[in-house]
Amino acid sequence: MIEALIKHLGQHKSIAILGFGREGKSAFYFVQKHLPGHKICIADAHENAFDQLEKTSFVHTQSGKAYLQGIEHYDLIIKSPGVQLSNAHRELFGSKLSSLTALFMQFFHKQCIGITGTKGKSTTSSLIHSILQEAGRDSILAGNIGKPIFNCIGSISKKSVVVYELSAHQLELCRHSPHIAILLNLFEEHLDYFGSTKAYHDAKCNIFRFQDARDHLLLPEELKNIKNVPALQHIINANANAAPAFTSDELKLPGKHNFLNALFAAKAASLLHIDAKKITESIKSFRGLAHRLEYLGTYKGIKFYNDSISTVPEASIAALQALPETHSLILGGFDRGINYQALADFLPKSRVKKIYCMGEAGKRMMQLFQCNLPETISVHWLETLDEIVQHIFSKSPEDALCLLSPAAASYDRYKNFEERGSDFQSMILKYSNNESK
């Protein structure tokens with residue numbers, strides 16, 4: 001299929017690449033390798049985006065405020081997920097507008113397991129990949145988990161299964177859906193990009209919108225009546241079938257949400273005829289990923305958990321349900337206008353005693369909490385994660401559990417949630433003086 005993809009790209013005499021981040025670079029180097037001498041324009045809003053790029057006479061770059069000027073004259077426009085376009089530009093670019101995911105799905109969707117949802121994508125994708133690998137299958141893990149799909153195309157054979165973690169940004173331009181589609185959940189998220197919950201959900205639904213009766217869709221019971229779900233026989237409620245051969249207590253992944261992730265992974269693997277015993281063994285041995293309810297250790301008698309991945313209130317609620325003994329909860333960060341009422345309603349039912357807020361999202365949460373929380377829960381606002389960790393070490397009782405589960409994005413201070421989680425771990429080590437108990 002790679003030959004068909006290259007032929008398709010070659011039919012466009014000129015190609016524009018919007019955004020020169022991870023996916024933009026992947027698109028550029030793929031085109032440059034397989035279509036040498038092809039006319040390429042790379043456009044990025046950042047002035048220094050091309051400092052490390054070796055320029056040739058075939059490659060034109062443009063940056064700054066007018067980086068999109070003239071792009072409509074190119075035959076194919078490959079947009080990176082993080083590039084936000086106005087409606088006017090979308091209309092101007094029209095059918096020329098595409099993405100790495102859209103191009104990949106056009107030619108490889110029959111070999112693909114696609115996983116999306118507001119939360120749980122990386123864990124479920126990694127678990128499916130682990131099951132397939134341990135069963136001896138040729139499995140390739142790519143997508144939103146950190147590896148651009150075009151970096152993997154050269155490794156895909158006819159027997160390969162591509163486990164593709166998909167964000168709404170990657171799905172929004174797709175016109176083909178994966179053979180096995182998994183929609184884990186849908187919450188309010190990424191309003192700063194999509195503008196509305198409806199637009200965000202519509203993008204997510206592209207994971208199944210173009211399936212046919214030969215394909216499979218896995219989704220939870222509560223999403224069966226969601227608008228856009230087709231009335232096809234291939235819809236499978238992953239947690240309503242025969243009882244699994246494992247229990248939540250047997251998993252190394254804490255929380256009901258992770259048990260459901262494991263159910264989805266098991267069902268996807270069974271659709272590929274993986275032996276049930278091997279599926280169960282792989283699931284029971286899977287240890288999870290960093291920054292997702294990750295136990296960092298006990299320092300000066302305080303247990304620390306890093307759940308920096310949680311950027312919506314529903315994820316933080318799930319984390320508190322998985323760790324009900326949480327004493328100190330760290331919330332806040334970049335404010336995208338998400339509704340935090342569900343979290344405010346849940347906290348009085350929890351055992352949390354102290355809440356530490358940071359960032360603009362934290363300020364807004366504090367205002368909401370003042371009207372909802374009992375006097376038994378104290379709320380503090382501090383400027384940085386460093387200050388919060390220092391305060392926790394000085395004010396927390398012995399055997400307390402501290403959970404970073406921010407319910408907000410990290411972009412006010414950090415490049416991503418991974419950097420925030422790593423900083424949290426560094427602060428813990430700093431204030432514990434590397435003395436653990």
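We number each residue from 1, following the sequence as shown.
Residues Y356 and E387 form no side-chain contact, since every pair of their non-hydrogen atoms from C-beta on lies 4.5 Å or further apart. Counting heavy atoms from C-beta on, the side chains of L385 and M358 come closer than 4.5 Å. Contact check for S328 versus K353: no side-chain heavy atoms found under the 4.5 Å cut-off.
The one candidate from F30, F108, F150 that meets the side chain to side chain contact (heavy atoms under 4.5 Å, CB included) condition with L103 is F150. Looking at V163, I113, I115, I207 one by one, the single match for side chain to side chain contact (heavy atoms under 4.5 Å, CB included) with P178 turns out to be I207.
Using modelled atom types, one finds no donor on one side chain facing an acceptor on the other under 3.5 Å when comparing S177 with R209. Side-chain atoms of T116 and K204 include a donor-acceptor pair closer than 3.5 Å. E134 and S130 share a donor-acceptor pair across their side chains, judged by distance under 3.5 Å alone. A donor-acceptor contact under 3.5 angstrom links the side chains of T101 and Y164, judged on distance only.
Checked by atom type and distance alone, the side chain of R175 never pairs as donor or acceptor with a backbone atom of N206 at under 3.5 Å. Side chain of K121 to backbone of G117: a donor-acceptor contact under 3.5 angstrom is found. No donor-acceptor pair under 3.5 Å is formed between the side chain of E281 and the backbone N or O of K278. With hydrogens and angles ignored, the 3.5 Å screen pairs no side-chain donor or acceptor of K354 with any backbone N or O of L329. No donor-acceptor pair closer than 3.5 Å links the side chain of E314 to the backbone N or O of F187. Here the side chain of R90 pairs no donor or acceptor atom with the backbone of A88 at under 3.5 angstrom. Put simply, the side chain of D307 never gets that close to the backbone of S405: no donor and acceptor are under 3.5 Å apart. A donor-acceptor pair under 3.5 Å is formed between the side chain of S350 and the backbone N or O of L347.
Judged as a ring-ring contact (aromatic ring centres under 6.0 Å, His included), and not counting sequence neighbours, the contacts of F107 are H8. Partners of D335 by side-chain contact (heavy atoms from CB on, under 4.5 Å), not counting sequence neighbours, listed by chain and number: E360, A361, R364.
For residues 78-87, the side chain to side chain donor-acceptor pair (under 3.5 Å) pairs, not counting sequence neighbours, are K79-E172, K79-Y193, S86-H89.
Residues S167 and N144 approach most closely at CB-OD1, 3.7 Å, considering heavy atoms. The two residues G333 and D412 make their nearest non-hydrogen contact at C-OD2, 3.3 Å. Contact between I338 and E189 at its shortest, heavy atoms only, is CD1-OE1, 3.7 Å. Across all their heavy atoms, H380 and S378 have their closest contact at NE2-OG, 3.1 Å. Taking each heavy atom of N339 and P313 in turn, the nearest pair found is O-CG, 3.6 Å. Considering all non-hydrogen atoms of both residues, F286 and K252 come closest at O-CB, 3.4 Å.
Within a 6.0 Å sphere centred on CZ of R22, other residues, nucleotides and ligands contribute 12 heavy atoms or fewer. Annotation: K96, atom NZ; neighbour count of heavy atoms from other residues, nucleotides and ligands within 6.0 Å is above 12.
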Go through the steps to decide whether Y340 and F369 satisfy the test ring pair (Phe, Tyr, Trp, His ring centres under 6.0 Å), and finish with yes or no.
-> CA-CA 9 Å; Y340 288 110; F369 294 163; 7.9 Å; no
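Annotation: cation-pi pair K25/F20 present, NZ/CZ under 6.0 Å from the ring centroid and within 45° of its normal.
Salt bridge R413/E419: absent, no basic N to carboxylate O contact under 4.0 Å.
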